[in-house]
Amino acid sequence: MTLRILLHEVRELVSSALTSAGYPVIEFDVSEPPQHAFGDLSCNVAFLLSKHLKKPPTKIATELAEAIRPRLQGSYILSADPAGGYINFRANHARLSPATLSHVLSNPENYGYPNSGQDMHIVIEHTSINPNKALHVGHMRNVIIGDTLYRIMRATNHRTTVLNYIDDSGVQIADIVVGFKFAGFPVAPPTKNQKFDHYCGDEVYVKINEIYEKDPQVAEKRKLVLKEIEEGKSEIARFAMEITLRVLQEQLKTCWRMKAHYDLLNFETHIVGSKLWSKAFELLKSNGIAKYETEGKNKGCWVIEGKEKEEEDKVLVRSDGTATYIAKDIPYAAWKLGLVEDPFYYQEYTKQWDGSTLYATTLADGSNSKSIGKKFNGGQRVITIIDSRQSRLQRIISQVLSKIGVGGSHKYFHLSYEAVTLSSDTAKEFGIDIGDRQFMHMSGRKGIYVNADYVLDALHTKAYKEVKTRNPDFSDQQLNKIADEISISAIRYNMIKQDLDKIITFDIKESLSLEGDTGPYLQYAYARSQRILEKSEQSIIAGKTDFAFDRLTNESEIALIKEIAKLDLVVENAAKSLCPKSLARYAYNLAMAFNLFYEKVPVLREQDNEVRMARLGLVKAFGIALKNTLEVLGITALDRM
RNA sequence: GGGCUCGUAGCUCAGCAUGGAUAGAGCGAACGCCUCCUAAGCGUUAGGUCGAGGGUUCGAAUCCCUCCGGGCCCGCCA
């Protein structure tokens with residue numbers, strides 16, 4: 001029994017009342033009213049009808065409520081009352097609460113995870129960071145949005161494949177190779193214990209860009225290196241690949257720290273080498289999408305025509321016959337959707353933090369090839385998580401794919417999100433005064449950004465201290481483990497809680513907060529609930545699913561139960577609307593409902609045995625609901641903190 | 001110039017898809033609450049012409065139009 005069933009019941013009641021009262025059956029809304037005093041659920045159908053029928057909504061609501069009342073017998077609804085045009089419903093909590101909580105307690109593993117995905121295959125791409133630097137806070141947003149989405153899809157029983165695109169032949173790689181080969185940077189970081197990705201990004205990449213400005217001769221080397229990388233045979237190319245893989249390994253460590261999961265690494269050189277492009281190009285030509293220009297500024301090029309006059313044509317193939325970057329994106333997207341024959345072989349790349357195997361594309365038909373029986377592409381839905389600067393390009397790709405036929409723009413979806421910028425105070429730490437402005441964009445080239453590992457470390461340090469003051473008896477190992485989980489929860493929640501199309505103004509100090517609307521707040525509510533259970537008659541409640549839940553009549557108890565009952569609807573909606581934020585909001589509301597209950601209602605000190613047991617059952621059910629919610633957010637529920 | 005996007009309390013943001021009852025949180029500020037299940041908590045107070053104007057509607061933060069302000073994108077670079 002969850003809110004879903006209650007909503008369905010109210011809808012049925014209203015629908016049948018419409019028929020019996022002689023009204024047309026129209027679409028209407030059933031939702032929670034803004035105030036507790038108005039009841040548990042409320043229906044706006046009378047307003048909608050009054051528009052059609054020119055009849056006062058209050059009158060319609062009264063008639064409908066009268067038609068509904070005789071049907072309430074045996075339902076979970078206690079009363080239906082007209083109020084200012086609404087029909088307000090009161091639930092029979094004495095029946096509803098036991099049904100809800102028993103259901104939760106009997107399904108601790110999968111409560112709240114609906115089957116709405118029906119095993120549909122979803123391909124998600126996220127992270128895809130140039131392998132020449134460490135992750136900064138902007139990349140964290142991408143990783144966390146992507147991984148949360150993957151978890152949402154998994155929780156709604158989708159088949160999921162998570163891709164991470166590795167641009168191993170781009171200019172940014174060439175830049176650091178130039179640094180090592182032509183500007184004298186040692187390949188080993190001079191600072192001890194410095195992660196290789198930090199060294200490449202913070203030192204080599206920033207400094208080589210400074211050198212370019214002063215010395216155009218070094219800048220010239222970049223073209224040479226890029227060419228060698230593309231051709232793939234030379235010593236430089238081998239060296240570039242070695243550097244790429246070393247940086248990638250360090251980047252993955254940071255992603256794994258945040259508990260991100262991947263299934264496959266797609267290397268750009270493999271896409272280029274696979275000749276996928278020529279197949280996709282044929283497809284574009286035969287579908288009339290690619291056009292050869294015989295005059296104008298793009299004379300001699302193959303282009304995709306822009307929409308009407310709004311957009312410029314996009315060049316696909318230059319007049320010298322070489323393909324532009326979009327010639328990598330289009331075939332890759334087509335591969336994701338399964339529109340072209342899969343040219344790749346796959347090999348095990350490494351084991352991940354969660355014990356799963358991460359695969360990588362390869363072009364070599366070795367023993368580890370297709371025999372592994374994995375199919376990574378051919379998603380019924382493909383979601384690509386890239387920041388909003390790429391919206392225009394992603395739209396072109398989406399349009400092109402939908403014209404190829406099998407696709408349709410709804411199948412290829414660009415999940416766009418806004419930038420992470422630095423707050424005025426944080427910019428000051430880089431010695432930059434931004435004046436009246438609210439924020440400042442980060443710059444990898446100039447070294448103005450906050451590294452992901454730095455944030456995680458700072459959070460860890462702070463959390464460690466906090467946990468230690470509360471639990472002085474814990475071992476160092478325990479403290480570190482808990483501090484890890486708290487730091488992950490703080491950053492994951494922080495990056496997910498606000499709308500995707502809102503710029504995050506990252507402030508170091510603020511991001512270190514562990515209070516209020518934060519991840520640790522959620523974990524804290526959980527820890528409190530587990531402590532109650534720990535101190536209770538555990539042997540009696542273990543495995544028990546039926547308590548005298550009808551004895552839970554306190555306002556904060558009812559509110560908590562109602563919140564618990566929403567989970568599966570929230571998860572389903574988050575999947576349907578690709579909205580990870582809604583899950584974070586829910587988690588916060590759920591934790592808040594528990595904290596309120598915790599303040600108002602004693603559990604262990606309750607004298608009435610039956611009531612105390614029922615409350616313990618409620619606390620346990622809450623724990624299950626919150627733990628399952630946190631799991632989808634990638635946050636670990638802690639027993640102690 | 002064109003396209004996309006944001007604008008709600010001092011600050012950071014929910015609410016807008018599907019219009020509805022007194023616009024909600026957190027941070028910050030002031031003041032309270034641990035002889036009682038973890039105070040990473042809870043409460044009280046202060047703080048709002050929902051960017052501006054117009055329109056649609058019985059009803060607009062929510063839908064439409066115009067304007068203002070911030071941001072991003074518009075290369076035979078990737």
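Within every chain, numbering begins at 1; the chains are lettered A, B, ... in the order of the sequence lines, protein sequences first and strands thereafter. Since the model is a prediction, treat every value here as computed from it, not as a measurement.
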*Asks:* Mind checking side-chain hydrogen bond (donor to acceptor under 3.5 Å, both in side chains) for A:R445 and listing every partner two or more places apart, or none if nothing turns up?
*Replies:*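 Counting only residues at least two positions away or on another chain, A:R445 forms a side-chain hydrogen bond (donor to acceptor under 3.5 Å, both in side chains) with A:N209.
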*Asks:* Enumerate all atom pairs, one protein N or O and one N or O from nucleotides 55-60 of chain B, separated by less than 3.5 Å.
*Replies:*
residue	atom	partner	partner atom	Å
B:G59	O6	A:K51	NZ	2.8

*Asks:* Listed by chain and number, what are the side-chain hydrogen bond (donor to acceptor under 3.5 Å, both in side chains) partners of A:N142, not counting sequence neighbours?
*Replies:*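 Expected list: A:Y417.
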*Asks:* Which residues satisfy the side-chain hydrogen bond (donor to acceptor under 3.5 Å, both in side chains) test with A:R90, sequence neighbours excluded?
*Replies:* none
*Asks:* What's A:V601 touching, base or sugar-phosphate or nothing? Going by heavy atoms closer than 4.0 Å.
*Replies:* base
*Asks:* As a test of reading the structure: which of B:A39, B:C42, B:C6 is closest to the side chain of A:E599, going by heavy atoms?
*Replies:* B:C42
*Asks:* At under 4.0 Å, does any side-chain N or O of A:H441 touch on OP1 or OP2 of B:C72?
*Replies:* yes
*Asks:* Could you check whether any side-chain heavy atom of A:S489 comes within less than 4.5 Å of a side-chain heavy atom of A:L522, counting everything from C-beta outward?
*Replies:*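 Side-chain contact under 4.5 Å: no.
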*Asks:* In chain order, what residues pass the ring pair (Phe, Tyr, Trp, His ring centres under 6.0 Å) check against A:Y449, with sequence neighbours excluded?
*Replies:* A:H136
*Asks:* Can I get a per-line list of side-chain donor-acceptor pairs under 3.5 Å for residues 501-508 of chain A, giving both atom names and the distance, sequence neighbours left out?
*Replies:*
residue	atom	partner	partner atom	Å
A:D507	OD1	A:S423	OG	2.5
A:D507	OD2	A:K509	N	3.2
A:D507	OD2	A:E510	N	3.0

*Asks:* Counting any heavy atom closer than 4.0 Å, what does A:R437 reach on the DNA or RNA strands: base, sugar-phosphate only, or nothing?
*Replies:*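 Sugar-phosphate only.
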*Asks:* Between A:S487 and A:Y464, do the side chains contain an N or O donor and an N or O acceptor separated by less than 3.5 Å?
*Replies:*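 No, no side-chain donor-acceptor pair sits under 3.5 Å.
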*Asks:* From CZ of A:R531 over to P of B:A39, roughly how many Å is that when rounded to an integer?
*Replies:* 11 Å
*Asks:* Between the side-chain atoms of A:R585 and the base atoms of B:A25, is any donor-acceptor pair under 3.5 Å?
*Replies:* no
*Asks:* Can you check the A:N44 CG to B:G19 C1' distance for me, whole Å?
*Replies:* 10 Å
*Asks:* Generate the contact string for nucleotides 73-78 of chain B. Rules: B means base contact, S means sugar-phosphate contact only, - means no protein heavy atom under 4.0 Å.
*Replies:* BS-BSB
*Asks:* Take A:T384 and A:Y165 through the test side chain to side chain contact (heavy atoms under 4.5 Å, CB included) and record every step on the way to the result.
*Replies:* CA-CA 10 Å; A:T384 305; A:Y165 182 87; over 6 Å; no
*Asks:* List in numerical order all residues of residues 34-43 of chain A for which some heavy atom is under 4.0 Å away from an atom belonging to RNA chain B.
*Replies:*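 Those residues are A:P34, A:Q35, A:F38, A:S42.
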*Asks:* Between B:G24 and B:C67, how far is it from one C1' atom to the other, in whole Å?
*Replies:*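 Those two atoms are separated by 29 Å.
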*Asks:* Under 4.0 Å: is that the gap between some side-chain N or O of A:K581 and OP1 or OP2 of B:G15?
*Replies:* yes
*Asks:* Please state how far atom CG in A:D425 lies from atom P in B:U12, giving the value in whole angstrom units.
*Replies:*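 After rounding, the reported distance stands at 11 Å.
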*Asks:* Is there side-chain contact between A:L578 and A:L500, with heavy atoms separated by less than 4.5 Å?
*Replies:* no
*Asks:* So, do A:M641 and A:E485 sit near enough that their side-chain heavy atoms are less than 4.5 Å apart?
*Replies:*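 No, their side chains stay 4.5 Å or more apart.
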*Asks:* Between A:R395 and B:C4, is there a side-chain N or O to OP1/OP2 distance below 4.0 Å?
*Replies:*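 Answer is no, no contact under 4.0 Å.
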*Asks:* Run the side chain to side chain contact (heavy atoms under 4.5 Å, CB included) test on A:I304 and A:I330 for me, step by step, so that the C-alpha distance in whole Å, both residues' side-chain angles and the decisive distance to 0.1 Å come before the verdict.
*Replies:* CA-CA 12 Å; A:I304 299 170; A:I330 290 176; 4.0 Å; yes
*Asks:* Are A:L316 and A:V303 side-chain neighbours, meaning at least one heavy-atom pair lies under 4.5 Å?
*Replies:*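 No, every pair of side-chain atoms sits at 4.5 Å or beyond.
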*Asks:* With a 4.0 Å cut-off on heavy atoms, is A:I326 in touch with a base, just the backbone sugar-phosphate, or nothing at all?
*Replies:* nothing
*Asks:* Tell me what A:P33 touches on the nucleic acid: a base, only sugar-phosphate, or nothing, going by heavy atoms under 4.0 Å.
*Replies:* base
*Asks:* Indicate yes or no: does A:R389 engage A:D387 in a salt bridge with an N to O separation below 4.0 Å.
*Replies:* yes
*Asks:* With a cut-off of less than 4.0 Å, is there a side-chain N or O of A:K502 near OP1 or OP2 of B:G7?
*Replies:*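 For A:K502, the contact criterion (side-chain N or O under 4.0 Å from OP1 or OP2 of B:G7) is met.
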*Asks:* I want to verify a distance call: between B:G41, B:U8, B:A40, whose nearest atom is closest to the A:R528 side chain?
*Replies:* B:G41
*Asks:* Measuring from atom NZ of A:K562 to atom CD of A:E32, what distance do you get when rounded to the nearest 0.5 angstrom?
*Replies:* 5.5 Å
*Asks:* Does the distance from a Lys or Arg side-chain N to an Asp or Glu carboxylate O, for A:R4 and A:E572, drop under 4.0 Å?
*Replies:*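 So A:R4 pairs with A:E572 through a salt bridge.
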*Asks:* Is the shortest distance from a Lys or Arg side-chain nitrogen in A:E534 or A:R531 to a carboxylate oxygen in the other one below 4.0 Å?
*Replies:*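 Here A:E534 pairs with A:R531 in a salt bridge, since their nearest N and O are under 4.0 Å apart.
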*Asks:* Restricting to nitrogen or oxygen on both sides, can you table the protein-nucleotides 48-50 of chain B pairs closer than 3.5 Å?
*Replies:*
none

*Asks:* With rounding to the closest Å, how many angstrom separate the C1' atoms on B:C37 and B:G41?
*Replies:*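 Straight-line distance between the two C1' atoms is 13 Å.
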*Asks:* Among residues at least two apart in sequence or on other chains, which ones pass salt bridge (Lys or Arg N to Asp or Glu O under 4.0 Å) with A:E537?
*Replies:* A:R612
*Asks:* Within 45° of the axis and under 6.0 Å from the centre of the six-membered ring of A:F281, does NZ or CZ of A:K285 qualify?
*Replies:*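 Output yes; distance and angle both within limits.
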*Asks:* Taking the C1' atom of each, how far is B:G1 from B:C11, in whole Å?
*Replies:* 36 Å
*Asks:* I need the residues from residues 513-522 of chain A with at least one non-hydrogen atom less than 4.0 Å from RNA chain B; give them sorted by number, or say none.
*Replies:*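 When residues 513-522 of chain A is checked for heavy atoms under 4.0 Å from RNA chain B, the hits, listed by number, are A:L514, A:E515, A:G516, A:D517, A:Y521.
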*Asks:* Grab the CD1-C1' distance between A:I396 and B:G2 for me, whole Å please.
*Replies:* 14 Å
*Asks:* Regarding A:Y598, tell me which of base, sugar-phosphate or nothing describes its non-hydrogen contacts under 4.0 Å with the strands shown.
*Replies:* base
*Asks:* Which listed nucleotide (B:C37, B:A40, B:U18) is nearest to the side chain of A:D29?
*Replies:* B:U18
*Asks:* Under 3.5 Å for both pairing distances: what stems, at least three Watson-Crick or G-U pairs long, include RNA chain B?
*Replies:* B:1-7 with B:68-74, B:10-13 with B:24-27, B:29-33 with B:41-45, B:51-55 with B:63-67
*Asks:* Assess whether one donor atom and one acceptor atom, taken from the side chain of A:N88 and the base of B:A21, lie less than 3.5 Å apart.
*Replies:* yes
